[in-house]
> 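Dumping the structure here so I can ask a few things about it.
Computed over heavy atoms, backbone and side chain alike; hydrogens, waters and symmetry mates excluded. Residues: numbered from 1 along the sequence shown.
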Amino acid sequence: MAYHFRNLCHHLDALPDELTGIVLPTPSQAVRDVPAASSAHCTAHSVLGNGDGVQMQHESHLEIDSSYILNSVRNVDSMQEQVIFHFGWDRKKLKKHIFDVVVTLMSGERIAFAVKPEVRLYSSKKESFEEHMQAVTWWAYETGFVDEVRILTEVDLDPVDLYNAKVMAAVRAVDFDADNAAQHALRSLPAGGGLSLRELTSDIGLGARGYRALIRLLRTGEARLQAKERISPDAVIVNARDEKLIPHLPDRPVLVAELKPALTVV
């Protein structure tokens, strides 16, 4: 099939100063592109982040789910997938490890994640994955590549958190009128006071736009779920304006880079 495109240069003067409509997400920041397809495992693309979002590439279903979870962590500033790290003593023959995701926190700290099924952490090979990661971690600390290295498996993924993370990722696009109306409705509640998403959506009066805007407030931390449950019209959200007054509220997780262990080379 052949595609033919007309020359539209002579129509550019008619374009408005501000373009409206769909804005494409920022291209993937991956250092290494994942294969377009594989007969052995899942490959996929997603759009995460805020606003128009950022494209991300994934080489397994576990990587997709892990990225959704990390995307929902409220102090994560940005994520980069498929990050290559070179290490070793021989500079002419450096070894290579590819981190599945590296996140940068709002504090500026960087945490690298290796995503693997639990069953593959241990093997009968000469060097298990855990042993390999111990060496990679030492070099990552020694070179200042990241502040911490972690391994993520399916055991670390809470199904309720994963469901909510996917919902929040789906409503990332900004809607200024609806967002302002949702913020006003939430702030009309006292600190710690709450209503169901259904009731607040009805008060806003913008239908689905208001519902999505309320979920965006959950993402920013201005609102909190009253209980650990799936986001739904019946879920109660509360005004989290003063978190210190309501410490019992279930909160979205945060990441903290732990102090580096004292590592030595034997």
Side-chain angles (χ1 to χ4, degrees), residues 28-35 38 40-46 48-49 56-88 94-166 169 252-266:
S28 168
Q29 304 300 301
V31 179
R32 159 191 173 268
D33 289 330
V34 304
S38 171
H41 56 80
C42 163
T43 62
H45 291 245
S46 66
L48 300 176
M56 293 195 69
Q57 305 179 49
H58 315 280
E59 208 164 10
S60 71
H61 197 278
L62 182 57
E63 285 186 23
I64 302 173
D65 289 346
S66 298
S67 294
Y68 272 115
I69 290 287
L70 293 173
N71 183 64
S72 72
V73 175
R74 62 188 175 96
N75 68 326
V76 167
D77 184 57
S78 63
M79 300 193 302
Q80 183 183 15
E81 78 279 28
Q82 302 298 316
V83 179
I84 298 175
F85 173 57
H86 295 281
F87 65 99
L94 291 175
K95 299 178 181 179
K96 180 174 71 173
H97 177 80
I98 300 174
F99 284 109
D100 298 300
V101 185
V102 174
V103 303
T104 301
L105 306 183
M106 292 180 179
S107 62
E109 296 170 304
R110 282 162 48 91
I111 303 178
F113 289 89
V115 180
K116 273 285 187 284
E118 189 79 13
V119 70
R120 292 182 60 187
L121 295 184
Y122 317 97
S123 68
S124 57
K125 297 179 180 180
K126 183 178 180 180
E127 180 185 57
S128 70
F129 182 74
E130 277 202 329
E131 291 170 333
H132 166 74
M133 287 307 302
Q134 287 175 359
V136 171
T137 300
W138 187 89
W139 279 106
Y141 290 163
E142 185 71 11
T143 60
F145 183 71
V146 291
D147 296 286
E148 189 179 354
V149 175
R150 299 187 186 183
I151 297 176
L152 271 178
T153 75
E154 69 277 8
V155 176
D156 300 304
L157 306 185
D158 181 274
V160 172
D161 290 340
L162 178 58
Y163 177 88
N164 290 344
K166 290 180 178 180
R252 285 168 54 212
V254 297
L255 285 174
V256 178
E258 299 176 0
L259 293 176
K260 300 174 185 177
L263 299 171
T264 58
V265 178
V266 180

> Within the side chain of N71, is there an N or O that forms a donor-acceptor pair under 3.5 Å with the backbone of G49?
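A pair under 3.5 Å: yes.
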> Among Q82, M79, Q29, H45, which residue satisfies the side-chain contact (heavy atoms from CB on, under 4.5 Å) criterion with M56?
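For M56, the side-chain contact (heavy atoms from CB on, under 4.5 Å) check succeeds only for M79.
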> Would you mind writing out the side-chain donor-acceptor pairs for residues 94-104 within the sub-3.5 Å range, not counting sequence neighbours?
from	atom 1	to	atom 2	distance (Å)
H97	ND1	H132	NE2	3.1
D100	OD2	V115	N	2.6

> Which salt bridge (Lys or Arg N to Asp or Glu O under 4.0 Å) pairs, counting each pair once, include a residue from residues 61-72, with sequence neighbours left out?
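Checked against salt bridge (Lys or Arg N to Asp or Glu O under 4.0 Å) - neighbours excluded - the pairs reaching residues 61-72 are D65-K166.
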> Would you please name every residue forming a side-chain hydrogen bond (donor to acceptor under 3.5 Å, both in side chains) with Q57, sequence neighbours left out?
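With sequence neighbours excluded, Q57 shows a side-chain hydrogen bond (donor to acceptor under 3.5 Å, both in side chains) to S28, D33, given in chain and number order.
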> Could you tell me which non-hydrogen atom of L62 sits nearest to which non-hydrogen atom of P117, and how far apart they are?
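Answer, listing the atom of L62 first, then P117: CD2-N, 3.6 Å.
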> Would you please name every residue forming a side-chain hydrogen bond (donor to acceptor under 3.5 Å, both in side chains) with S78, sequence neighbours left out?
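By the side-chain hydrogen bond (donor to acceptor under 3.5 Å, both in side chains) rule, S78 matches no residue at all.
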> Taking the side chain as every heavy atom from C-beta outward, state whether S72 and N164 have any atom pair closer than 4.5 Å.
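S72 vs N164: side chains apart.
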> Rounded at 0.5 Å granularity, tell me how far CG in L157 sits from CG in L152.
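Between L157 CG and L152 CG, I get 6.5 Å after rounding to 0.5 Å.
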> Under the side-chain hydrogen bond (donor to acceptor under 3.5 Å, both in side chains) test, which residues partner E118, sequence neighbours left out?
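Applying side-chain hydrogen bond (donor to acceptor under 3.5 Å, both in side chains) to E118 gives T153.
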> Are any of the side-chain heavy atoms of V76 and L105 separated by less than 4.5 Å?
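Heavy-atom side-chain distance check passes, below 4.5 Å.
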> Among pairs that include at least one residue of residues 60-86, which meet ring pair (Phe, Tyr, Trp, His ring centres under 6.0 Å), considering only residues two or more places apart or in two chains?
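The answer is F85-F87, F85-F145.
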> Under the side-chain contact (heavy atoms from CB on, under 4.5 Å) rule, collect the residues that match up with A44, sequence neighbours excluded.
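A44 satisfies side-chain contact (heavy atoms from CB on, under 4.5 Å) with C42, I64 only.
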> Report the C-alpha separation of F129 and I151 in whole Å, then their side-chain angles, then the decisive distance to 0.1 Å, and conclude whether the side-chain contact (heavy atoms from CB on, under 4.5 Å) test is met.
CA-CA 10 Å; F129 182 74; I151 297 176; 4.1 Å; yes
> Determine whether the side chains of H58 and S46 contain a donor N or O and an acceptor N or O closer than 3.5 Å.
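Short answer, yes.
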> One pair to check against side-chain contact (heavy atoms from CB on, under 4.5 Å): M133 and V149. What are the steps and the verdict?
CA-CA 9 Å; M133 287 307 302; V149 175; 3.7 Å; yes
> Kindly write out the residues that satisfy side-chain hydrogen bond (donor to acceptor under 3.5 Å, both in side chains) with D77, not counting sequence neighbours, or none if the list is empty.
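Counting only residues at least two positions away or on another chain, D77 forms no side-chain hydrogen bond (donor to acceptor under 3.5 Å, both in side chains).
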> For the residue pair N75 and S107, establish whether any side-chain heavy-atom pair is separated by less than 4.5 Å.
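Not in contact.
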